[in-house]
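Notes for the one structure printed next.
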Amino acid sequence: MEVNIINRQNTVVNNYLAEIRDVDIQSDPLRFRKNIFRIGSLMAYEVSKTMNYKSKQVRTPLGVAEVQVPADEVVVGTILRAGLPMHEGVLDVFDRAQNCFISAYRKYVSADDFEINLEYVATSHLDDKVLLLADPMLATGFSIEATYKALKKYGTPKHTHIMCVIGSEAGVDFLRQSLKNEPVTLWVAAVDPELNAHKYIVPGLGDAGDLAFGYKI
């Protein structure tokens, strides 16, 4: 599994990362969602460089232009609910893509131990398509692994791009091992060093779903 870490280069993405982490700025849910959207769009642009293209002739008012357009069929997927702003950002780039939605959450069996529950999947067939799977936070990697395996029931993508905003070193290492023989590329805007006792990323940014859509009960 190939891993690409965006903030190893100085780009405008670093400014969006700074704002979604900043406790004084992230309290504005509209700006938080917009920054996640922007990161999703810019990451999707980077993913687009890896895809297959085909030649197409386009008639203009003055003649005919030959252009290169994407040849791959794309499915944009996300894990609800935190992934929705990132999903919209990716879909803004791949505006003809099909869509996939997954409900996955942590079900705690003790204060510090949990299992991943998947309750809902809505997707088209994935055979021979390029799957872009967006989830802002890559903490343990368990949700992504469970989602990836569940989606294989709906077909085998030719390649899967896992797209995250902030990951932990432990989560990245877990996916490296878990998906090492799979046709998968991991894109993450920043990687943080720690997980706390509750398996939240440190320094991270908090709960992305709550910051985007309000606190749940």
Side-chain angles (χ1 to χ4, degrees), residues 1-53 67-70 72 74-79 82-97 99 130-139 141 143-144 159-176 179 183-195 200-213:
M1 184 184 76
E2 182 183 356
V3 179
N4 295 291
I5 302 173
I6 304 296
N7 75 338
R8 286 183 173 173
Q9 290 184 309
N10 287 327
T11 70
V12 70
V13 169
N14 289 346
N15 187 59
Y16 305 146
L17 283 168
E19 290 194 355
I20 62 174
R21 290 184 190 268
D22 190 319
V23 293
D24 295 320
I25 299 174
Q26 67 174 204
S27 58
D28 177 353
L30 176 60
R31 189 161 192 85
F32 184 85
R33 292 193 301 270
K34 184 65 175 178
N35 281 328
I36 297 290
F37 177 102
R38 288 165 167 165
I39 293 170
S41 292
L42 291 171
M43 196 175 287
Y45 169 72
E46 293 299 322
V47 171
S48 76
K49 298 176 184 179
T50 72
M51 292 184 172
N52 296 312
Y53 286 77
V67 297
Q68 296 293 313
V69 296
D72 294 318
V74 176
V75 178
V76 178
T78 195
I79 299 176
L84 287 172
M86 192 175 188
H87 182 101
E88 287 294 321
V90 177
L91 194 60
D92 192 56
V93 174
F94 293 101
D95 58 344
R96 295 175 181 265
N99 291 263
V130 175
L131 173 62
L132 311 185
L133 184 57
D135 190 17
M137 307 302 285
L138 172 60
S143 293
I144 289 287
H159 199 88
T160 298
H161 295 272
I162 297 169
M163 306 167 68
C164 304
V165 175
I166 297 177
S168 72
E169 290 182 359
V172 172
D173 289 343
F174 174 79
L175 290 185
R176 280 187 200 271
L179 305 180
V184 172
T185 302
L186 173 63
W187 302 80
V188 59
V191 177
D192 287 353
E194 297 178 42
L195 290 174
Y200 288 112
I201 302 170
V202 180
L205 54 76
D207 189 300
D210 287 352
L211 290 166
F213 299 112

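- When side chains are defined from C-beta on, Leu133 does not count as touching Asp135, because their heavy atoms never get closer than 4.5 Å.
- Between the OG1 atom in Thr11 and the OH atom in Tyr16 there is a gap of 9.0 Å [rounded to 0.5 Å].
- In this structure Asp210 satisfies the salt bridge (Lys or Arg N to Asp or Glu O under 4.0 Å) test together with Arg81, Lys216, sequence neighbours excluded.
- In this structure, Asp92 CG and Leu42 CG are separated by 10.5 Å, a value rounded to the nearest 0.5 Å.
- Inter-residue side-chain proximity for Met43 and Met86 is flagged as met; some heavy-atom pair is nearer than 4.5 Å.
- Between Leu131 and Gly77 the shortest heavy-atom distance is CD1-N, 4.3 Å.
- Contact record, His87 with Val76: CE1-O, 3.1 Å, taken as the closest heavy-atom pair.
- The environment of Tyr45 atom OH is sparse: at most 12 non-hydrogen atoms of other residues, nucleotides or ligands sit within 6.0 angstrom.
- Rounding to the nearest 0.5 angstrom, the gap separating the CD atom in Glu46 from the CD1 atom in Ile6 is 5.5 Å.
- For the side-chain contact (heavy atoms from CB on, under 4.5 Å) with Val165, the lone residue among Val188, Val13, Asn35, Leu17 that qualifies is Leu17.
- Using a cut-off of 4.0 Å between Lys/Arg side-chain N and Asp/Glu carboxylate O, Asp192 and Arg21 are scored as salt-bridged.
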(message) Run the side chain to side chain contact (heavy atoms under 4.5 Å, CB included) test on Ile79 and Ile144 for me, step by step, so that the C-alpha distance in whole Å, both residues' side-chain angles and the decisive distance to 0.1 Å come before the verdict.
(response) CA-CA 9 Å; Ile79 299 176; Ile144 289 287; 4.1 Å; yes
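- Looking only at side-chain heavy atoms (C-beta outward), Leu179 and Ile162 come within less than 4.5 Å of each other.
- Between the side chain of Asp72 and the backbone N or O of Val74 there is no donor-acceptor pair closer than 3.5 Å.
- Nearest heavy atom pair, residue Ala208 against residue Pro136, reads CB-CB, 4.3 Å.
- Nearest heavy atoms, Ala212 versus Pro85: CB-CG, 4.2 Å.
- Checking Asn7 against Asn14 by side-chain atom types alone, no donor-acceptor pair falls below 3.5 Å.
- A heavy-atom distance below 4.5 Å is not found between the side chains of Phe94 and Val130.
- Nearest heavy-atom pair across Gly209 and Asp207 is N-OD1, 3.0 Å.
- Considering CD1 of Ile39 and CD1 of Ile20, their distance stands at 4.0 Å, rounded to 0.5 Å.
- Summarising the geometry, atom CD belonging to Gln68 is positioned 15.0 Å from atom CE belonging to Met51; distances are rounded to the nearest 0.5 Å.
- Remark: side-chain polar atoms of Thr185 are not paired, donor with acceptor, to backbone N or O of His161 under 3.5 angstrom.
- When atom types are taken as modelled, the side chain of Gln26 and the backbone of Leu205 share a donor-acceptor pair closer than 3.5 angstrom.
- Sparse packing is recorded around CD of Gln9, with 12 or fewer heavy atoms of other residues, nucleotides or ligands lying under 6.0 Å away.
- Residues Leu132 and Val75 fail the side-chain proximity criterion, which asks for heavy atoms closer than 4.5 Å.
- Atom CG of Leu138 and atom CG of Leu175 lie 5.0 Å apart (nearest 0.5 Å).
- Across Val184, Val172, Val191, Asp173, a single residue satisfies side-chain contact (heavy atoms from CB on, under 4.5 Å) together with Val3, and that is Val172.
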